[in-house]
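Reading through the structure tokens given below for one structure.
Throughout, protein chains are lettered first and strands after them, A, B, ... in sequence-line order, and every chain is numbered starting at 1.
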Amino acid sequence: MTGPARLRRSADVVATLRRGRHRAGSLLALHARRREPAAGPARMTVVASRKVGNAVRRNRAKRLLRAAAAGRPWADGLDLVLVARPACADAAMPAVRGELEDHARALDALVVGA
RNA sequence: GGCGCCGGACAGGCGACCGCGCCCGGCGGUCCGCCGCCGGGUGAGGAAAGUCCGGACUCCACAGGGCAGGGUGCUGGGUAACGCCCAGGCGCGGUGACGCGCGGAGAGCGCCACAGAGAGCAGACCGCCAGCGACCGGCUCCGGCCGGAGCGGGCAAGGGUGAAACGGUGGGGUAAGAGCCCACCAGCGCGGCGGGUGACCGUCGCGGAUCGGCAAGCCCCACCCGGAGCAAGGCCGAGCAGGGACAGGGUCGCCCGCCCGUCACGUCCCAGGUGGGCCGCAGGAGGCGUCGGGAGACCGGCGUCCCAGAGAGAUGGUCGCCACCCGCGACCGGGUGACCGGUCGCGGGGACAGGAUCCGGCUUAUCGGCCGGCGCCUCCC
RNA sequence: UGGGGGGUGGUGUAACCGGCAACACGCCGACCUUUGGAGUCGGAGUCCAGGGUUCGACCCCCUGCCCCCCAG
């Protein structure tokens with residue numbers, strides 16, 4: 001995976017969802033959290049629940065989110081969780097990129113600036 | 001030409017740039033656990049799906065018997081096995097190609113609402129038939145005669161109810177009738193002969209007058225099933241804190257049998273800790289080709305190929321070109337015509353759906369065209 | 001992975017061993033009332049969907065869809 005490294009451990013995902021900042025839109029929700037200490041490149045994972053649809057729709061949504069996330073730079077020391085919404089599986093790439101960029105800019109101000 | 005039936009195979013192709021999982025090789029770094037870069041190889045389906053069946057595999061005193069429970073259900077075959085497949089038999093539907101169904105109701109229990117006279121060793125509303133007939137009506141040659149109400153009987157042909165009502169035709173018989181009797185037909189049962197491995201078929205004889213449906217209600221018969229599941233199971237590593245109860249425990253239930261144990265290394269409960277890695281885990285009931293056996297499902301021989309192995313879970317993103325399908329328009333060709341074919345332009349479309357231990361089936365979803373065989377109708381020669 | 005339960009008017013629930021789908025609240029319409037409320041009368045159901053068994057299916061069997069629960 002390019003860009004951010006993969007976030008593998010379940011505890012890290014839960015910590016990011018619970019203690020991180022988040023922003024949500026119609027296509028996706030972005031959770032972000034600074035590690036302590038904030039060393040190493042950003043890590044990320046994508047999530048799609050059963051509400052998104054069947055396996056094809058879930059995987060489609062996750063691929064779009066990965067591709068979109070790989071297309072922009074991320075600050076070091078961040079843990080990211082991208083949550084797919086049902087509409088994400090039907091969305092086009094520019095829309096996904098746009099919404100992700102909005103969330104990322106808003107959260108950079110909160111997480112990085114804090 | 002039109003409308004159909006059955007079977008099979010496919011699941012757009014090529015290319016550019018940026019990326020992903022796994023494997024191999026090289027280089028570099030390393031705290032030796034690995035990490036980074038480069039190159040090469042490889043990377044989803046006919047249903048991968050639903051999880052409805054069957055097996056492989058693994059573990060459980062090696063699970064032996066009985067009961068209970070569950071499943072299957074015409075016959076023969078195929079298979080590792082099946083609830084699957086093939087062939088056959090019978091029945092039903094269809095003009096037909098073809099499709100669908102399948103043990104037993106002559107072992108027992110139970111159920112058949114409403115309607116209807118009667119619905120389970122049937123029944124008599126209308127009706128039919130003689131008899132009585134003191135009452136009523138009509139006729140009268142005055143003796144009676146005819147019809148009806150009523151009474152107690154005989155009958156079950158016809159009407160009518162219902163999903164279903166105790167065979168059909170003809171004859172005899174009778175007061176009227178009825179398998180009451182007879183012949184033939186249908187159906188049932190028994191027996192013989194012939195064919196078939198068998199389901200069953202053909203044929204001959206005899207019998208007794210001969211009535212259902214539901215077992216996807218209980219049930220009977222035959223056959224099958226030990227249980228759990230890859231979070232099976234095995235190995236390595238890290239970490240913690242013990243306390244209490246009990247004589248029984250052993251992978252669904254009950255009894256017997258068997259095995260282990262009876263003061264703890266067991267079982268259960270509470271509390272605490274961990275929730276990491278490796279194997280299982282990809283050579284298989286395997287794919288393709290060919291030859292042989294078989295009616296077929298399928299089986300065997302030979303050759304050849306290696307074809308996903310992740311573990312928060314890899315196939316993506318942005319485009320181009322060419323085919324394919326649909327709609328509209330223009331032009332050309334054929335035809336009296338409805339219309340058909342071709343070229344070009346514009347617009348649109350490409351489904352259902354993603355491996356998670358593996359395999360064989362079933363079922364369900366699915367845009368579109370392709371191949372093969374067959375049936376019916378119509379037209380022409 | 002294995003097992004269990006359920007889907008009935010708008011909502012919450014019924015229906016013996018197969019025989020006319022019932023109740024409460026709500027909604028709609030009519031009557032009554034100056035209006036509203038209360039009251040009276042009436043109305044509305046693909047019994048989740050599609051097949052099958054049966055004379056007949058909410059009920060029995062098969063297939064599919066959805067929801068809930070339990071164990072690991």
Side-chain angles (χ1 to χ4, degrees):
Chain A
M1 186 174 293
T2 52
R6 280 163 66 188
L7 189 63
R8 289 181 176 272
R9 293 172 47 88
S10 177
D12 293 337
V13 176
V14 172
T16 304
L17 291 175
R18 283 195 176 163
R19 291 199 280 276
R21 304 282 188 165
H22 66 276
R23 247 178 79 91
S26 60
L27 300 180
L28 64 104
L30 174 64
H31 296 254
R33 174 171 175 262
R34 282 178 65 82
R35 284 195 302 278
E36 299 294 340
R43 301 185 303 175
M44 145 196 120
T45 193
V46 294
V47 171
S49 80
R50 272 179 53 210
K51 289 205 172 184
V52 174
N54 60 27
V56 169
R57 289 176 57 80
R58 294 198 300 271
N59 287 340
R60 165 73 182 170
K62 286 153 81 173
R63 286 167 186 149
L64 283 170
L65 293 180
R66 282 196 204 97
R72 77 179 301 279
W74 298 93
D76 285 348
L78 278 178
D79 280 349
L80 303 163
V81 176
L82 279 69
V83 183
R85 291 288 163 86
C88 187
D90 299 316
M93 194 61 205
V96 178
R97 282 216 172 96
E99 183 166 331
L100 178 65
E101 193 62 29
D102 289 345
H103 296 335
R105 288 182 188 281
L107 287 179
D108 269 352
L110 294 168
V111 178
V112 179

Results of side chain to side chain contact (heavy atoms under 4.5 Å, CB included) for Ala95(A) - residues two or more places apart only =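 With neighbours one apart ignored, the set is Leu27(A).
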Round to the nearest Å and state the distance from Arg97(A) atom CZ to G316(B) atom P.
-> 15 Å
On a whole-Å scale, what distance lies between the [atom1] atoms belonging to [N] and [M]?
N       : M       : atom1 : value
G361(B) : C190(B) : P     : 44 Å
G350(B) : C324(B) : C1'   : 9 Å
A285(B) : A56(B)  : C1'   : 9 Å
A57(C)  : A105(B) : C1'   : 23 Å
A308(B) : C281(B) : C1'   : 12 Å
C325(B) : G13(B)  : C1'   : 16 Å

According to the Watson-Crick and G-U wobble definitions, with both distances under 3.5 Å, which nucleotide is paired to [N]?
N       : answer
G4(B)   : C374(B)
C22(B)  : G41(B)
C193(B) : G202(B)
C27(B)  : G36(B)
C184(B) : G168(B)
A314(B) : none
G147(B) : C136(B)
A295(B) : none

Would G13(B) be called syn or anti, given that syn covers angles within 90° of 0?
-> anti
Does the distance from a Lys or Arg side-chain N to an Asp or Glu carboxylate O, for Glu101(A) and Arg105(A), drop under 4.0 Å?
->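 Here Glu101(A) pairs with Arg105(A) in a salt bridge, since their nearest N and O are under 4.0 Å apart.
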